[in-house]
Each structure stands twice: as C-alpha cells, then as structure tokens.
Amino acid sequence: MDFSDSPEEAAFRAKARDWLDANTTRRNGSEKAQDHFMARDADEVARARDWQARKADAGWAGLTWPRAFGGRDATPIEQVIWNQEEGRYAVPPNVFLIGIGLVGPTVMIHGTEDQKTRFLPRALTGEDIWCQLFSEPAAGSDLAGIRTRARREDDEWVISGQKVWTSGAQYSTHGILLARTDPQVPKHKGMTMFLVDMSDPAIETRPIRQISGSSSFNEVFIDNLRVPDSARLGGVSEGWKVALTTLMNERFSISVGRASGGARAEELIDLATRVERNGRPAIEDDEVRARIADFIARQRGLEFTSYRVMTSLSRGQAPGEEGSIGKLLLGKLRQEMGAFGMDLAGTSAGISAKVGDDVARWRNEYLTAPGNRIAGGSDEIQRTIIGERILGLPPEVRVDKDVAFSEL
C-alpha cells in the first residue's frame with residue numbers, strides 16, 4: 001500500500017488544484033463536503049450544469065474517457081486525485097455521475113456511431129442528465145428478474161413496465177433502460193437495453209418520499225412507450241451483456257469516486273464537546289469517548305481499505321473486491337453513528353426541522369443509512385460476493401439458471 005503521489009501524480013494534483021483555485025472557492029471550516037450525487041432542487045441542477053460545462057470546456061470532464069470521445073485519456077488514479085481535490089471546494093453535486101461514469105462508457109463499447117455522436121458530447125457538457133432504469137419492484141438484487149416488457153412492431157419497440165429506486169429520474173433528460181424481449185429463454189438471455197427520452201409522455205416519474213423526508217429516488221412507470229430500433233443499445237436479447245458493462249463501470253466509478261461516507265466520526269467529537277451528559281460536557285464521559293473511539297477506528301479501517309483500491313489503480317490494475325467490503329461495513333457504520341449522534345443531540349432529535357443543525361444532520365444520517373445499505377447491492381449481496389470471490393466459498397445454488405423466464 002503506497003500513500004504518496006508519484007512525481008507525475010503530484011504534478012497532476014497541483015495542476016488540478018490551480019484550476020480549481022482559479023474557478024471556484026474552497027469550502028470554509030464550517031461547510032460540509034458535498035457527499036452525494038443527487039440534487040435537491042432545480043436551482044442545484046442548474047448550478048451543477050453550469051459547473052459541468054466549465055469543467056468540460058477546460059478539459060476536466062470525463063477524465064478517463066478516450067480523447068476520441070472528448071475525454072483526456074487520464075489514468076484512474078488521476079481521476080481519484082481530481083475527485084479528492086474537487087471535494088475540497090464548494091461545488092454542486094455531481095448529477096452527471098451516471099451519465100459519465102456508467103452510460104457513456106457503455107455507449108462507447110456497445111453503441112452505434114450515431115449513438116456515440118448524439119449522446120457522448122452532451123453527457124460531457126452537462127446538457128443531458130442520465131438515470132439508470134434497471135431495478136423493479138420484483139427485481140432489485142436479482143436484476144435478471146425484471147418484468148418490464150419490450151415487444152417489436154416493425155421498426156419500433158413498444159415498452160411497458162415499472163422501474164423503482166431510480167435515482168435522479170425526476171430531473172434526468174435520458175435513461176438507460178433494461179427490458180425483457182424474450183420470456184421463453186432463461187432470464188439472463190432474454191433482455192435488451194434501450195436509450196430512452198425521459199420527457200416522453202409515455203414515461204411518468206413519481207418521486208418517492210423517503211423516511212428522511214427527501215426524495216432522491218423515484219418510481220418510473222412506462223406505458224406503451226414507442227422507441228425506434230435505433231434506440232436499442234447492443235444486440236437484441238443481449239441486454240445482460242450490456243448491463244454487465246454498465247455495472248462494471250458503476251463499480252469503477254464508485255472505486256475512484258469521491259468518498260461519500262456522509263458524516264464523519266470526528267464530527268461526533270465536535271458535537272460531544274458542545275452538549276452535556278449528566279451535567280458535564282459529553283466528551284468527558286468515558287462511555288461516549290469509547291464509542292467515538294470505536295467509530296474512528298472502524299472508519300480508519302475503511303479508509304485504509306479504500307487506499308488498497310487506489311494503490312491498485314495507481315499501478316494500472318483493476319480494482320478488486322475490496323469495494324464490497326467497504327460497501328458492507330460503511331452502511332452499518334453510518335447507521336450506528338447516526339443513532340449515536342441523535343442520542344447526543346438529546347430529546348429534540350426526532351422533531352427538529354432546522355436544516356444544517358446537528359440534530360438534522362445526524363437524524364438524516366440515521367434515516368438514510370438503511371437505504372444506503374440496499375442501494376448498489378444489499379448487505380446480503382455483498383456478503384455473497386465476499387464469500388464467493390474473496391474467501392472462495394462454494395457458490396450459492398441457483399436453481400433457476402437454465403429455466404425459461406416464463407416458467408418462473
């Protein structure tokens with residue numbers, strides 16, 4: 001594990017920092033880092049578009065994309081460095097993560113020349129915002145169980161079904177959609193991928209009010225959506241292969257992305273110095289100190305695990321399965337820290353509505369953590385990956401592997 005920049009990486013970091021210094025402002029000590037890729041309102045989307053356009057004009061957007069597609073041919077570790085440096089500044093959320101990190105690379109591999117010309121430049125400049133129309137009410141962790149259907153009529157496809165947990169769909173202009181085109185073959189073999197316009201009247205997006213009070217993801221209903229065959233991405237019934245490309249790039253984007261661990265254990269120290277427990281500052285209580293120390297130790301363990309990924313990237317290697325370890329442990333840690341922060345905040349923890357105060361921050365951390373433990377692969381899925389791919393345990397029995405979807 002190597003924590004230092006190479007001379008080339010240090011030069012890249014300095015160049016990135018110089019551009020950021022000249023084009024935006026650093027966060028002050030009281031400002032929290034932007035730790036999510038979701039916009040809260042139309043104003044935040046507009047600011048994100050403006051920031052993305054400025055980055056694209058200066059060559060800082062889509063760093064790892066090939067130059068032929070408007071990128072910079074940067075190395076993965078250079079993307080990590082950029083994300084680290086950008087995280088020090090007061091910038092809008094990266095609502096383009098799905099378009100640039102997932103959809104763009106998938107279109108490069110499976111798209112037609114017309115699709116590449118039409119979609120890739122607009123994704124880089126922020127004109128288009130993409131969402132991922134994969135999960136469904138009956139197909140979350142088992143993505144191959146999707147029921148959204150697409151039937152062909154001459155040179156068109158007619159798509160109907162429902163998607164759910166679709167992040168950012170309420171402000172996305174386009175979506176990458178997986179649909180079932182042949183139910184008479186095993187479930188992994190009868191799907192096809194499409195690129196759809198989210199403004200089509202046949203698509204209805206309904207934001208889901210989450211327990212935290214926010215609405216970052218949505219239900220999406222598709223009712224006889226007609227798209228030309230030119231909207232198909234990849235071959236007919238080859239959607240699983242295309243989806244694997246998207247999912248592989250999702251994992252890569254998470255590996256090199258700015259850490260989105262939410263509130264940090266060190267912030268509990270600050271809170272504990274300002275609230276009382278048994279008539280004295282909470283930080284003087286041995287139990288409080290022990291809990292915070294445990295959180296910090298676990299947090300540091302996760303950071304060192306992420307450095308293993310960064311070291312692999314720096315050496316030109318593909319990230320390993322460490323991402324599943326971090327994903328599994330981080331969600332639980334966030335939930336426990338959120339609950340402890342609420343305990344420290346006191347009796348008002350459940351009712352305070354003041355945005356940005358200690359109570360709101362820790363309550364939000366506690367209430368959003370369960371969803372984070374599901375998104376991107378549930379705890380159970382992460383344990384399966386760790387067991388099978390890291391520990392080499394016998395794989396789970398998959399009795400539906402060779403059964404036609406229509407018979408399931």
Side-chain angles (χ1 to χ4, degrees), residues 8-9 11-13 15-20 22-24 34 36-39 45-89 91-132 167-168 171-176 195 233 242 245-260 309-310 313-314 316 318-319:
E8 296 79 12
E9 290 163 1
F12 180 87
R13 187 183 296 276
K15 189 174 181 179
R17 190 175 297 170
D18 288 345
W19 187 87
L20 287 163
N23 286 273
T24 187
Q34 175 54 252
H36 207 275
F37 67 95
M38 299 298 302
V45 172
R47 291 193 296 110
R49 273 199 165 106
D50 177 70
W51 178 240
Q52 183 66 22
R54 290 165 62 189
K55 290 198 297 184
D57 186 60
W60 294 105
L63 290 174
T64 58
W65 282 24
R67 293 186 185 275
F69 298 120
R72 195 167 177 153
D73 272 325
T75 64
I77 194 62
E78 287 175 331
Q79 182 69 67
V80 170
I81 291 170
W82 168 264
N83 292 340
Q84 290 176 334
E85 293 303 318
E86 188 182 30
R88 306 177 194 276
Y89 293 79
V91 298
N94 183 16
V95 300
F96 310 99
L97 177 66
I98 293 174
I100 294 178
L102 282 65
V103 178
T106 304
V107 171
M108 291 177 203
I109 294 174
H110 300 283
T112 64
E113 290 306 312
D114 180 68
Q115 288 171 336
K116 295 173 186 177
T117 302
R118 179 182 175 188
F119 294 118
L120 295 180
R122 293 176 61 88
L124 275 187
T125 59
E127 294 171 87
D128 291 345
I129 303 176
W130 287 81
C131 63
Q132 189 177 354
S167 299
Y171 51 73
S172 292
T173 61
H174 293 78
I176 182 169
L195 304 174
L233 180 62
V242 181
T245 302
T246 307
L247 296 172
M248 177 185 68
N249 282 288
E250 179 179 39
R251 179 179 174 190
F252 171 79
S253 296
I254 292 172
S255 296
V256 303
R258 186 164 62 242
S260 58
V309 176
M310 291 171 58
L313 293 172
S314 183

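Excluded from the calculations below are hydrogen atoms, water molecules and symmetry mates; all remaining heavy atoms, backbone and side chain alike, are included. Numbering starts at 1 and runs along the sequence shown.
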Q: Tell me, please, which residues at least two apart from Arg118 pass side chain to side chain contact (heavy atoms under 4.5 Å, CB included).
A: none

Q) Can you list the steps and then say if Leu195 with Val107 is a side-chain contact (heavy atoms from CB on, under 4.5 Å)? A) CA-CA 10 Å; Leu195 304 174; Val107 171; 4.3 Å; yes

Q: Return the set of residues passing salt bridge (Lys or Arg N to Asp or Glu O under 4.0 Å) with Lys15 (not counting sequence neighbours), or none when no residue passes.
A: none

Q: Could you tell me which residues satisfy side chain to side chain donor-acceptor pair (under 3.5 Å) with Ser172, sequence neighbours excluded, listed by chain and number?
A: none

Q.
Minimum heavy-atom separation for Ala48 and Pro93, please, with both atom names.
A. CB-O, 3.6 Å

Q. Ignoring hydrogens and geometry, is there a side-chain-to-backbone donor-acceptor pair from Glu78 to Glu9 under 3.5 Å?
A. no

Q) Can Ile176 and Thr246 be said to form a side-chain contact (heavy atoms from CB on, under 4.5 Å), step by step? A) CA-CA 9 Å; Ile176 182 169; Thr246 307; 3.9 Å; yes

Q) Atom OG1 of Thr75 and atom CG of Leu63: how far apart are they, to the nearest 0.5 Å? A) 9.0 Å

Q: Could you pull out the closest heavy-atom pair between Cys131 and Ser167, with the gap in Å?
A: CB-O, 3.7 Å

**Q.** Pair listing, ring pair (Phe, Tyr, Trp, His ring centres under 6.0 Å) test, anchored in residues 101-124, at least two apart
**A.** Phe119-Trp130, Phe119-His174

Q: Can you sort out the partners of Arg122 under salt bridge (Lys or Arg N to Asp or Glu O under 4.0 Å), two or more places apart, ordered by chain and number?
A: Glu127, Asp128

(Q) Between Thr125 and Ala53 (side chain of the first, backbone of the second, donor and acceptor by atom type, cut-off under 3.5 Å), is there such a pair? (A) no

(Q) I want to check something: taking the side chain as every heavy atom from C-beta on, are Trp51 and Thr24 in contact at a cut-off of under 4.5 Å? (A) yes

Q: Check step by step if side-chain contact (heavy atoms from CB on, under 4.5 Å) holds for Gln52 and Val91.
A: CA-CA 10 Å; Gln52 183 66 22; Val91 298; over 6 Å; no

Q. Which residue pairs pass the salt bridge (charged side-chain N to carboxylate O under 4.0 Å, His left out) test with at least one member in residues 55-66, sequence neighbours excluded?
A. Lys55-Glu86

Q) Heavy atoms, side chains only, cut-off 4.5 Å: are Trp65 and Ile100 in contact? A) yes

Q: State, to 0.1 Å, how close Ala61 and Ala56 come at their nearest heavy-atom pair, and which atoms those are.
A: CB-CA, 3.7 Å

Q. Do any N or O atoms from the side chain of Tyr171 and from the backbone of Ala39 form a donor-acceptor pair under 3.5 angstrom?
A. yes

Q: Identify, with sequence neighbours excluded, every residue that meets salt bridge (Lys or Arg N to Asp or Glu O under 4.0 Å) alongside Asp18.
A: none

Q: Identify, with sequence neighbours excluded, every residue that meets salt bridge (Lys or Arg N to Asp or Glu O under 4.0 Å) alongside Glu85.
A: Arg13, Arg17, Arg88

Q | Sequence-distant partners of Ala58, side chain to side chain contact (heavy atoms under 4.5 Å, CB included), two or more places apart | A | Trp19, Trp60

Q | Closest contact, heavy atoms only, Pro105 versus Gly101 | A | CG-O, 3.6 Å

Q: Flag the pair Phe96 / Val103 as yes when at least one side-chain heavy-atom distance between them is below 4.5 Å, and no otherwise.
A: no

Q) Can you list the residues that meet the side chain to side chain contact (heavy atoms under 4.5 Å, CB included) rule with Pro66, with sequence neighbours excluded? A) Phe69, Asp73, Met108

